[in-house]
Amino acid sequence: MSVTSTSPAPQFSAGAAREPAGAGGRTPEEELVHRMAACPAGADREALREAAITAYLPVARRIARRYGSPDRSREDLQQVACLGLVKAVDRYDPGLGHAFLSYAVPTIDGELKRYLRDFSWQVHVPRRLQDKHRLVRLAQEELNRSGHTDGGTVRDIQRLTGIDEQDVRLALRADQARNPLSVDEQRGTGKGFTLAETIGGDDPRLDLVTDLVALKTLVAELPARERAILKLYFVDSLTQRQVADIVGISQMHVSRLLDRSRAFLRRGLLGG
């Protein structure tokens, strides 16, 4: 049984349980729910159930429209509201003496609130802020209808909702967590690049930080002359002949000291 069915109420066989039309001042729609509750399990009960759900679909959709939402999620909200209606029809007990709508409306409303709380946010937002966000969205829709095409100012929203100005600003920022931008969205004045192209990548030099810190500690353990040779050769980019002239030793001796220093540093970095 589809919750979006708009077919006319089916005809029932003589075996279906019936009550006099309008018994107790009930509406025709509520009469269907009472007749279903009094009907034993079977095809007639299923037919009454489907007719009752179909009759109350406009109510479910009206409740769904109370919640401010982007166009792309309104159909989802209506489906959630319809499922809440199905639960209300199935669980309603006329014997408790309550009118059907007094039970169905809170049931549908609760389903919508649970859905919005649990499934419509891309980033976790505290429940308290979610509730205020809903009130802010409703206020923005009302302001739009009254001519404020931009949804009104923070002060306008505060006046309608009674929410503290700081919380209004937080609720407006929370809307970004509910509907984050796509990384493929075109950006810039000429829409010439995507958001993904503006996001920086990992710096490969970050992987060297640990090695550089360890190397600095090991270099400090070398004799002063070998530290000087390493600096002249690797930092100042001098040749071995130029280093030898500055230090006052032969080029061959510089080469041996460089080999010895590199072997010491390699063992220290590689742990052996």
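As a basis for the values below, the full set of heavy atoms in this structure was taken, side chains included, without hydrogen atoms, waters or symmetry mates.
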Colleague: Could you measure the distance from the CG atom of L218 to the CZ atom of R266? Nearest 0.5 Å is fine.
Modeller: 12.5 Å
Colleague: Which value, rounded to the nearest 0.5 Å, describes the distance between R137 atom CZ and I157 atom CD1?
Modeller: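 It is 10.5 Å, given to the nearest 0.5 Å.
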Colleague: Look at the side chain of S146 and the backbone N and O of L143, then say whether any donor-acceptor pair between them is shorter than 3.5 Å.
Modeller: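 Here the side-chain-to-backbone pair exists.
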Colleague: What's the shortest heavy-atom distance between A55 and E29, and which atoms?
Modeller: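 Shortest heavy-atom separation between A55 and E29 comes out as CB-CG, 3.8 Å.
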Colleague: Could you give the distance from OG1 (T107) to CG (L83), rounded to the nearest 0.5 Å?
Modeller: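 The CG atom of L83 is 13.0 Å from OG1 of T107, to the nearest 0.5 Å.
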Colleague: If we only count heavy atoms from C-beta on, is the V247 to I229 side-chain gap below 4.5 Å?
Modeller: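 The answer is yes; the side chains approach within 4.5 Å.
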Colleague: Can you tell me which residue among L257, L265, V243, V235 is in a side chain to side chain contact (heavy atoms under 4.5 Å, CB included) with L230?
Modeller: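 The side chain to side chain contact (heavy atoms under 4.5 Å, CB included) with L230 is passed solely by L265 among L257, L265, V243, V235.
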Colleague: Which distance, rounded to the nearest 0.5 Å, do you find between the SG of C82 and the CD of E111?
Modeller: 11.5 Å
Colleague: By the salt bridge (Lys or Arg N to Asp or Glu O under 4.0 Å) test, which pairs, at least two apart or in different chains, include something from residues 234-250?
Modeller: K231-D236
Colleague: For the pair T217 (side chain) and V213 (backbone), establish whether a donor and an acceptor sit closer than 3.5 Å, ignoring hydrogens and angles.
Modeller: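 Present.
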Colleague: side-chain contact (heavy atoms from CB on, under 4.5 Å) between V86 and V89: does it pass, once the steps are laid out?
Modeller: CA-CA 5 Å; V86 171; V89 170; 5.9 Å; no
Colleague: With rounding to the nearest 0.5 angstrom, report the NE2 to CD1 distance, H133 to I163.
Modeller: 10.5 Å
Colleague: Taking side chain to side chain donor-acceptor pair (under 3.5 Å) as the definition, give me every residue that meets it alongside R169, ordered by chain and number, with sequence neighbours left out.
Modeller: E165
Colleague: Distance check, rounded to the nearest 0.5 Å: Q240 atom CD versus L232 atom CG?
Modeller: 12.0 Å
Colleague: What are the two closest non-hydrogen atoms of A81 and L112, and how far apart are they?
Modeller: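 Here A81 and L112 meet closest at N-CD2, 4.0 Å.
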Colleague: If you define the side chain from C-beta out and look only at heavy atoms, does anything of V33 sit under 4.5 Å from Y56?
Modeller: yes
Colleague: What pairs with R145 under salt bridge (charged side-chain N to carboxylate O under 4.0 Å, His left out), at least two apart in sequence or on another chain?
Modeller: none
Colleague: If I compare all heavy atoms of G84 with all of I108, which pair ends up nearest, and what's the gap?
Modeller: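 Nearest heavy atoms, G84 then I108: C-CG1, 3.8 Å.
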Colleague: Do D90 and R49 come within less than 4.5 Å of each other through their side chains, counting heavy atoms only?
Modeller: yes
Colleague: State whether the side chain of R26 and the backbone N or O of E31 hold a donor-acceptor pair below 3.5 Å, judged by distance alone.
Modeller: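 No, because the side chain of R26 does not come within donor-acceptor range (under 3.5 Å) of the backbone of E31.
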Colleague: Who are the salt bridge (charged side-chain N to carboxylate O under 4.0 Å, His left out) partners of D167, not counting sequence neighbours?
Modeller: R128, K132
Colleague: Taking all heavy atoms of L269 and all of A214, pick out the closest pair and write down the distance.
Modeller: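 Residues L269 and A214, closest heavy atoms: CD2-CB, 3.8 Å.
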Colleague: Could you note down all residue pairs passing salt bridge (Lys or Arg N to Asp or Glu O under 4.0 Å) where residues 215-228 supplies at least one of them, sequence neighbours left out?
Modeller: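 Residue pairs passing salt bridge (Lys or Arg N to Asp or Glu O under 4.0 Å), neighbours aside: E226-R260.
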Colleague: Using a 3.5 Å cut-off and no angle test, enumerate the donor-acceptor pairs between side-chain atoms of residues 91-101 and protein atoms at least two apart in sequence or in another chain.
Modeller:
unit_1, atom_1, unit_2, atom_2, d
Y92, OH, H98, O, 2.3
D93, OD1, G95, N, 2.9

Colleague: Side chains of Q140 and L172, heavy atoms from C-beta outward: is any pair under 4.5 Å?
Modeller: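 Touching, per the 4.5 Å side-chain cut-off.
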Colleague: Between D259 and R262, does at least one N-O distance fall below 4.0 Å, as a salt bridge requires?
Modeller: yes
Colleague: Can you see which heavy atom on D109 is nearest to which on I63, and at what distance?
Modeller: OD1-CG2, 4.1 Å
Colleague: Under a 4.5 Å side-chain heavy-atom rule over Ile, Leu, Val, Met, Phe, Trp and Tyr, are F234 and L222 clustered together?
Modeller: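 Linked within one cluster.
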